[in-house]
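Residue numbers run from 1 in the order of the sequence given.
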Amino acid sequence: MSKLLQAIILLISTFIMLESSSIAGPKVSDDEETSLYMLSMAGAEAVSSTSTIRVKIFPHEKDYLPHGRDKAFDQFTVRSENPCTVFKSKEDQIVSVGTLATNQTTMNLSVKDLHGPVIIDCPESFTLVRESEAERQELSYSGLLYVHAVKKQDRWILEAVNVLSLRGYLRGVVPSEVYHHWPMETLKTQAVAARTYAVYHIIHARRYVPNRLWDVDDTVMFQAYTGITHRRESTDSAVFATEGQILMWRGQVIQAFYHADSGGSTEEASTVWQQAAPFTVSRSEAPDLEMNSIQWERTVNLKELTVKLQEMGEWPANRQVLRVTVPMAGQTFTGRVKSLTLMDQKGSFVMIPNKVFKRAIGGLPSNLYSVDLGSDSAQVLVKGVGNGHGVGMSQQGAAALAEQKGWSYRQILEYYYVRTTICTIDSSRDGLPECARESFKYSKQVASQPAGF
């Protein structure tokens, strides 16, 4: 049995106490703001750079970057240049319970042939071969691969989870999220933000979703991850240079949101997800920055919009959408769209949420857009700027601050994640406070405060 497999068994046993308190399901904190965007690390001291993270890498059921949607959810192939060992495992734990096969270099896995959960342990790396709707994808990974069958609605599919160290995971995230040739301080910023986000979800998954055997998936719904395929020396250096560093707000690890391009102005979490996060702000990017924000356009056919809204149950069957506008009341302080006004053939107006409009037209890169008249009365033109939700750090902005202003990664993090502090999940180094100790200290301070403080 490999050292990594032994480490997984140890990690699982370490989290038994943490998980057993949550068997009945998610618990909501007394402070609603902390229930979604921040978590206490008290009781999670085992999280460190060498701790394992569980990443679901198959299947991709939706067309999310960077992988796209898989054609088949019930089969894939694992290849390795070095012989691998296949272990029996359990449905409720990623743990070895016996050896099934040795000296395996090519493994074709399918629902019909898989008679129980397995762990595939390859000494160096392995390649997972799947058929996606875009093209044949062959990405390589380090660590272990846990595979089991899962019933989704009326069919069985395979679910594959890559289990590896947090450090190894970040080496696959940073080059998947930002350009490896960006300034080193930007890469360090991304490494700290990605590590913070990962630690938050490790704790969240094992504290509140104990029946799920993965912490994050490998798409932009969490963080883009492509295994060892796109590792670079520069991004590795950023991960190692910031080893163990994460962001905390008042003793709690934050869900460190970030996005590709703010379009010139970041957004508060409350205007995007209807719940405040005290470490996010709504403000223009730093002055004097030369930002090449992403600009985009989308033509929307009004008849097709009408049909789609009717299929969604959001528009009456006997009415036709003739006009779409964004009223001032339907915008946030930064100009992002919250709601739109639709006019029918009788001159009646109806306001719909932005998320309904976006779902009806197949999504948009950002919420920072305007709606203009199209080339004819049968369509409207949606013109926007930026990419992503706009909350937290702008990756393009971080690159500009490092390159044009010479800011350090600490300055950039302080700018985008206000009133946060950097601590370490490893043993104290470089004078940084230890995260778990700080979390425990803060928890005691809150407990000792009088009611209504």
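- Taking the six-membered ring where the residue is Trp, Tyr146 and His148 present tilted rings, their angle falling between 30° and 60°.
- Counting only heavy atoms from C-beta outward, the side chains of Thr235 and Arg171 never approach each other to under 4.5 Å.
- A donor-acceptor pair is defined here as one N or O able to donate and one able to accept, closer than 3.5 Å; no such pair exists between the side chain of Arg207 and the backbone of Leu39.
- Atom CD of Gln295 has 12 or fewer heavy atoms from other residues, nucleotides or ligands within 6.0 Å.
- Contact detail for Val385 and Ser366: the closest heavy-atom pair is O-OG, 2.8 Å.
- Enclosure of atom NZ in Lys405 by more than 12 non-hydrogen atoms of other residues, nucleotides or ligands within 6.0 angstrom is indicated.
- No more than 12 heavy atoms of other residues, nucleotides or ligands shown are found within 6.0 angstrom of CD on Glu233.
- Using bins of under 30°, 30° to 60° and over 60° for the plane-to-plane angle, the ring pair Trp407/Tyr415 lands in the perpendicular bin.
- Side-chain contact check for Val192 versus Ile246: every heavy-atom pair is 4.5 Å or farther apart.
- Listed here is the closest heavy atom pair of Arg336 and Gly390: NH2-CA, 3.7 Å.
- Between Asp426 and Ser49, the side chains place a donor N or O and an acceptor N or O closer than 3.5 Å (distance only, hydrogens not considered).
- Looking at Phe333 and Glu267, their side chains never come closer than 4.5 Å, going by heavy atoms from C-beta outward.
- Judged by distance alone, with hydrogens and angles left aside, the side-chain atoms of Ser234 form a donor-acceptor pair with the main-chain N or O of His180 at under 3.5 Å.
- Taking the centre and axis of the six-membered ring of Trp214, the NZ or CZ atom of Arg212 falls inside the cone set by 45° and 6.0 Å.
- Note that CG of Leu432 and CD of Glu438 are 10.5 Å apart. Values are rounded to the nearest 0.5 Å.
- The backbone N or O of Arg283 sits less than 3.5 Å from a side-chain atom of Thr266, completing a donor-acceptor pair.
- Using modelled atom types, no side-chain atom of His389 and backbone atom of His259 make a donor-acceptor pair closer than 3.5 Å.
- Nearest approach of Leu187 to Val174, heavy atoms of both residues: O-CG1, 4.3 Å.
- Defined by atom type and a distance below 3.5 Å, a donor-acceptor pair is present between the side-chain atoms of Gln255 and His201.
- Counting heavy atoms from C-beta outward, Arg419 and Trp249 have side chains that approach closer than 4.5 Å.
- Of the possible polar contacts, one joining the Ser51 side chain to the Ser48 backbone as a donor-acceptor pair under 3.5 Å is found.
- Residues Tyr169 and Val55 meet the side-chain proximity criterion, which asks for heavy atoms closer than 4.5 Å.
- Looking only at distances, no side-chain donor or acceptor of Arg195 sits under 3.5 Å from a matching main-chain atom of Leu247.
- Between the Gln331 side chain and the Val326 main chain, no donor and acceptor come within less than 3.5 Å of each other.
- With hydrogens and angles ignored, the 3.5 Å screen pairs a side-chain donor or acceptor of Arg69 with a backbone N or O of Glu61.
- Counting non-hydrogen atoms of neighbouring residues, nucleotides and ligands closer than 6.0 angstrom, the CE atom of Met184 exceeds 12 such neighbours.
- Interatomic distance, Arg250 CZ to Ile254 CD1, rounded to the nearest 0.5 Å: 14.0 Å.
- Remark: Ser140 OG to Glu81 CD distance equals 8.5 Å, nearest 0.5 Å.
- The backbone N or O of Val95 lies less than 3.5 Å from a partner atom in the side chain of Ser89, making a donor-acceptor pair.
- Between the side chains of Gln395 and Glu177, at least one donor-acceptor pair of N or O atoms lies under 3.5 Å.
- Ring pair Trp182/Tyr179 is perpendicular by interplanar angle, where above 60° counts as perpendicular and below 30° as parallel.
- Heavy-atom minimum distance, Trp296 versus Gly386: NE1-O, 3.1 Å.
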(request) I would like to know whether Val220 and Phe222 meet side chain to side chain contact (heavy atoms under 4.5 Å, CB included); could you show each step before the answer? (result) CA-CA 5 Å; Val220 293; Phe222 288 89; over 6 Å; no
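- With 3.5 Å as the limit, one finds no donor-acceptor pair spanning the side chains of Tyr200 and Asp215.
- A donor-acceptor contact closer than 3.5 angstrom links the side chains of Tyr225 and Asn162.
- A donor-acceptor contact closer than 3.5 angstrom is absent between the side chains of Ser165 and Thr50.
- Asn82 and Ser80 form no side-chain donor-acceptor contact under 3.5 Å, judged by distance and modelled atom types alone.
- The two residues Thr280 and Val418 come nearest to each other via the heavy atoms N-CG2, 4.3 Å.
- For the atom pair NE2 (His67) and OG1 (Thr219), the distance works out to 7.0 Å, reported to the nearest 0.5 Å.
- Using a 4.5 Å heavy-atom cutoff, the side chains of Phe357 and Val382 are in contact.
- Considering only residues two or more places apart in sequence or on other chains, His230 meets the ring-ring contact (aromatic ring centres under 6.0 Å, His included) condition with none of them.
- Comment: Arg130 does not engage Glu138 in a salt bridge, judged by the lack of any side-chain N to carboxylate O separation of less than 4.0 angstrom.
- Heavy atoms only, all atoms of each residue included: Ser96 and Phe87 are closest at OG-CD2, 3.3 Å.
- Under the 30°/60° scheme for interplanar angles, the aromatic rings of Tyr37 and Phe257 are found to stand perpendicular.
- Side chains of Thr332 and Thr271: a donor-acceptor N/O pair is absent below 3.5 angstrom, by distance only.
- Other residues, nucleotides and ligands contribute over 12 non-hydrogen atoms within 6.0 Å of the CD atom of Gln411.
- More than 12 non-hydrogen atoms from other residues, nucleotides or ligands lie less than 6.0 angstrom from NZ of Lys358.
- To the nearest 0.5 Å, atoms CG (Leu340) and NZ (Lys338) are separated by 12.0 Å.
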(message) Test side-chain hydrogen bond (donor to acceptor under 3.5 Å, both in side chains) on Glu285 and Ser262; report intermediate values, then the result.
(response) CA-CA 8 Å; Glu285 294 280 9; Ser262 72; 2.7 Å; yes
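- Taking the side chain as every heavy atom from C-beta outward, Phe73 and Lys152 never approach each other to under 4.5 Å.
- For the side-chain hydrogen bond (donor to acceptor under 3.5 Å, both in side chains) test with Tyr409, the passing option among Gln190, Lys188, Gln245 is Gln245; the others fail.
- Under the 3.5 Å distance criterion, with hydrogens and angles disregarded, no donor-acceptor pair is assigned to the side chains of Asp121 and Thr85.
- The CD1 atom of Ile202 sits 4.0 Å away from the CD1 atom of Ile53 when rounded to the nearest 0.5 Å.
- Although no hydrogens or angles enter the test, the distance criterion places a donor-acceptor pair under 3.5 Å between the side chain of Asp261 and the main chain of Ile294.
- Between the side chains of Asp218 and His60, a donor-acceptor pair is found at a separation under 3.5 Å.
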(request) Kindly indicate, with the supporting measurements, whether the criterion side chain to side chain contact (heavy atoms under 4.5 Å, CB included) is fulfilled by Phe58 and Asp70. (result) CA-CA 8 Å; Phe58 184 89; Asp70 289 322; 3.6 Å; yes
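- Side-chain contact between Leu413 and Ile422 is present, with heavy atoms from C-beta onward closer than 4.5 Å.
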(request) Determine, stepwise, if the pair Leu158 / Phe76 fulfils side chain to side chain contact (heavy atoms under 4.5 Å, CB included). (result) CA-CA 9 Å; Leu158 287 183; Phe76 60 83; 3.7 Å; yes
